[in-house]
Amino acid sequence: MTGKLDGKVAIITGASSGIGEATAFALAAEGAKVAIAARRTERLDALAKRIEASGGQALPIVTDITDEAQVNHLVQKTKVELGHVDILVNNAGIGVFGTIDTGNPADWRRAFDVNVLGVLYAIHAVLPLLKAQKSGHIVNISSVDGRIAQAGAGVYSATKWGVNALSEALRQEVSKDNIRVTIIEPGLVDTPFIDLISDPITKQLSEEQLKTITPLQSEDIARAIIYAVTQPEHVNVNEILIRSTTEDN
Ligand code: NDP
């Protein structure tokens with residue numbers, strides 16, 4: 001690795017698994033100190049050990065992203081322990097699938113709490129720090145479903161369209177503060193996200209698709225994020241849509 005992020009501090013939410021875990025590792029490998037957040041302590045601790053064994057620095061902070069006070073604590077603790085914050089990767093997210101008529105409103109609320117409000121809490125907490133230092137980069141993990149609505153994915157799509165909308169509004173609001181905003185929109189990525197799908201039809205379709213295509217891996221998404229955050233400071237990569245070459249929808 002090239003140490004392109006030496007001296008930088010990054011917060012990664014949803015770092016206990018999949019894309020967030022790979023991204024935290026990749027950012028640390030480029031020299032960033034990483035604050036890694038999620039609910040599962042033991043998985044965060046294991047990742048911190050792996051990062052430190054590779055010569056990086058990681059600070060696990062147990063955080064439920066749906067709890068605004070915990071998110072504020074995540075940002076403040078990162079600043080106190082690691083000095084400042086330069087990059088926020090809003091990655092924590094859950095899937096909720098199934099047709100709207102068969103859906104459970106409690107699941108919908110949960111999806112909006114994690115995928116939309118969690119992202120907003122983290123942005124709200126970090127912005128005063130980034131504005132004061134007149135630099136920073138916020139990376140929001142959206143989805144192909146944030147650009148294309150499909151039957152059976154309406155609610156999940158709505159959360160990710162929400163992420164795209166708030167990201168573009170934020171970009172316009174903070175450009176004067178020299179703060180960059182990037183949306184990452186992955187297609188199907190082979191992570192535990194698929195195992196956690198509760199809707200049987202979507203789960204079966206995703207599992208079948210995983211077998212018939214060469215799916216993206218978490219590291220592929222991590223590389224896209226590294227690309228965006230290592231551009232020269234005047235370059236704001238706003239959006240990366242990334243699918244498996246063999247994915248046809
Ligand atoms: P995983 O299920 O592997 O990881 C999800 C992460 O989110 C976990 O680390 C989990 O940690 C965290 N998380 C969930 N709920 C909360 C919460 N309340 N508070 C804090 N952390 C939480 O999924 P992926 O890596 O695949 O997903 C990462 C992102 O990528 C999500 O935003 C997802 O929507 C998006 N995405 C995924 C795609 C895919 O095909 N896999 C495709 C397109 C987008 P913990 O349980 O420990 O709290």
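Just so it is clear, the model here is predicted, and its values are computed rather than measured.
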- Heavy-atom closest pair, residues Ala92 and Thr13: N-OG1, 3.0 Å
- Sequence neighbours left out, what passes salt bridge (charged side-chain N to carboxylate O under 4.0 Å, His left out) with Asp220? Give chain and number order. Arg223
- Message: To check you understand the geometry: which heavy-atom pair defines the closest contact between Phe193 and Gly95, and what is its length?
- Response: CE1-N, 3.4 Å
- Message: For residues Leu166 and Trp108: do they belong to one hydrophobic cluster (side chain heavy atoms under 4.5 Å, members Ile, Leu, Val, Met, Phe, Trp, Tyr)?
- Response: yes
- Counting only N and O atoms by type, is there a donor-acceptor contact under 3.5 Å from the side chain of Asn104 to the main-chain atoms of Ala106? yes
- Message: With a 4.5 Å cut-off on side-chain heavy atoms, are Leu216 and Asp190 touching?
- Response: no
- Item | Separation between CG of Asn91 and CD1 of Ile184, rounded to the nearest 0.5 Å | 10.5 Å
- Message: Keeping Lys77 on the side-chain end and Ile61 on the backbone end, is there a donor-acceptor pair under 3.5 Å?
- Response: no
- Query: Between Leu188 and Ser206, which heavy-atom pair has the shortest distance, and what is it?
  - Reply: CD2-O, 4.0 Å
- Verify side-chain contact (heavy atoms from CB on, under 4.5 Å) between Asp177 and Leu130, making sure each step is shown before the conclusion. CA-CA 8 Å; Asp177 299 300; Leu130 305 188; over 6 Å; no
- Task: Taking all heavy atoms of Val96 and all of Ala111, pick out the closest pair and write down the distance.
- Result: CG1-CB, 3.2 Å
- Message: Any side-chain to backbone donor/acceptor pair from Gln133 onto Val85? Under 3.5 Å, distance only.
- Response: yes
- Can you find a heavy atom in the side chain of Val34 that is under 4.5 Å from one in the side chain of Ile12? yes
- Message: Could you measure the distance from the CD1 atom of Ile226 to the CD1 atom of Ile221? Nearest 0.5 Å is fine.
- Response: 12.5 Å
- Message: Looking at every non-hydrogen atom in both residues, tell me the closest pair between Asp6 and Gly31 and how far apart they are.
- Response: OD1-CA, 3.3 Å
- Query: Within a radius of less than 6.0 Å around NZ of Lys79, do more than 12 heavy atoms belonging to other residues, nucleotides or ligands occur?
  - Reply: no
- Task: Would you indicate whether the side-chain heavy atoms of Val139 and His137 approach each other to under 4.5 Å?
- Result: yes
- Message: Tell me whether Thr246 contacts the main-chain N or O of Thr214 through its side chain, where contact means a donor paired with an acceptor under 3.5 Å.
- Response: yes
- Measuring from Ile36:CD1 to Thr23:OG1, what's the distance to the nearest 0.5 Å? 12.0 Å
- Message: Quick check against the 3.5 Å criterion: does Glu168 have a side-chain atom that pairs as donor or acceptor with the backbone of Asn164?
- Response: no
- Query: Between the side chains of Thr159 and Asn115, does any donor sit under 3.5 Å from an acceptor?
  - Reply: yes
- Task: Give a yes or no answer on whether the side chain of Ser142 reaches the backbone of Glu185 with a donor-acceptor pair at less than 3.5 Å.
- Result: no
- Asn90: partners by side chain to side chain donor-acceptor pair (under 3.5 Å), with sequence neighbours left out: Asn140
- Item | From CA spacing to verdict: side-chain contact (heavy atoms from CB on, under 4.5 Å), Ser17, Arg40 | CA-CA 9 Å; Ser17 175; Arg40 285 172 289 174; 3.7 Å; yes
- Message: Counting neighbours of NZ on Lys211 that are heavy atoms of other residues, nucleotides or ligands and sit closer than 6.0 Å, is the number greater than 12?
- Response: no
- Task: Hey, could you give me the NZ/CD1 distance between Lys131 and Ile179, rounded to the nearest 0.5 Å?
- Result: 6.5 Å
- Message: I'd like to know if the side chain of Asp64 reaches the main chain of Arg39, judged simply by a donor and an acceptor atom lying under 3.5 Å from each other, with no hydrogens or angles considered.
- Response: no
- Spacing of OG1 belonging to Thr63 relative to CG belonging to Asn72, to within rounding of 0.5 Å: 10.5 Å
- Task: Assess whether atom CD1 of Ile201 is packed by more than 12 heavy atoms of other residues, nucleotides or ligands within 6.0 Å.
- Result: no
- Item | Hydrophobic cluster identity match, Leu59 and Leu129, side-chain contacts under 4.5 Å | yes
- Given side chains that start at C-beta, do those of Ile213 and Gln209 come closer than 4.5 Å, heavy atoms only? yes
- Note on the structure: Contacts of Phe112 meeting ring-ring contact (aromatic ring centres under 6.0 Å, His included) (sequence neighbours excluded), chain-then-number -> none
- Any side-chain heavy atom of Val174 sitting closer than 4.5 Å to one from Leu127? yes
- Is Ile148 atom CD1 crowded by more than 12 heavy atoms from other residues, nucleotides or ligands, each under 6.0 Å away? yes
- Message: Between Ile87 and Ile11, is the side-chain contact (heavy atoms from CB on, under 4.5 Å) condition met? List the steps.
- Response: CA-CA 6 Å; Ile87 300 165; Ile11 296 174; over 6 Å; no
- Task: Locate the shortest heavy-atom distance separating Phe25 from Ser54; write the atom from each residue and the value.
- Result: CZ-OG, 3.5 Å
- Task: Report whether Ile100 and Ile94 are members of the same hydrophobic cluster (ILVMFWY, side-chain heavy atoms less than 4.5 Å apart, transitive linking).
- Result: yes
- Item | Distance, nearest 0.5 Å, that separates CG of Leu205 from CZ of Phe97 | 11.0 Å
- Verify the cluster assignment for Ile138 and Leu241: are they in a single hydrophobic cluster under the rule of side-chain heavy atoms below 4.5 Å apart? no
- Item | same_hphob_cluster(Val71, Val89) at 4.5 Å side-chain heavy-atom cutoff | no
- Less than 4.5 Å apart, any side-chain heavy atom of Leu5 and any of Val229? yes
- Query: Any side-chain heavy atom of Val119 within less than 4.5 Å of one from Val116?
  - Reply: no
- Pairwise side-chain contact, Arg171 with Asn236, heavy-atom cut-off 4.5 Å (strictly under): yes
- Query: Is Arg147 paired with Glu239 through a side-chain N to carboxylate O contact shorter than 4.0 Å?
  - Reply: yes
- Just by distance, do the side chain of Glu21 and the backbone of Ala15 share a donor-acceptor pair under 3.5 Å? no
- Any donor-acceptor N/O pair, Glu219 side chain to Ala22 backbone, under 3.5 Å: no
- Give a yes or no answer on whether the side chain of Arg43 reaches the backbone of Ser16 with a donor-acceptor pair at less than 3.5 Å. yes
- Ser218/Val189 under side-chain contact (heavy atoms from CB on, under 4.5 Å): CA gap, chis, key distance, verdict: CA-CA 6 Å; Ser218 296; Val189 188; 4.3 Å; yes
- Message: Looking at Lys160 and Asp145, is there a salt bridge between them, counting it only when a charged N and a carboxylate O are closer than 4.0 Å?
- Response: no
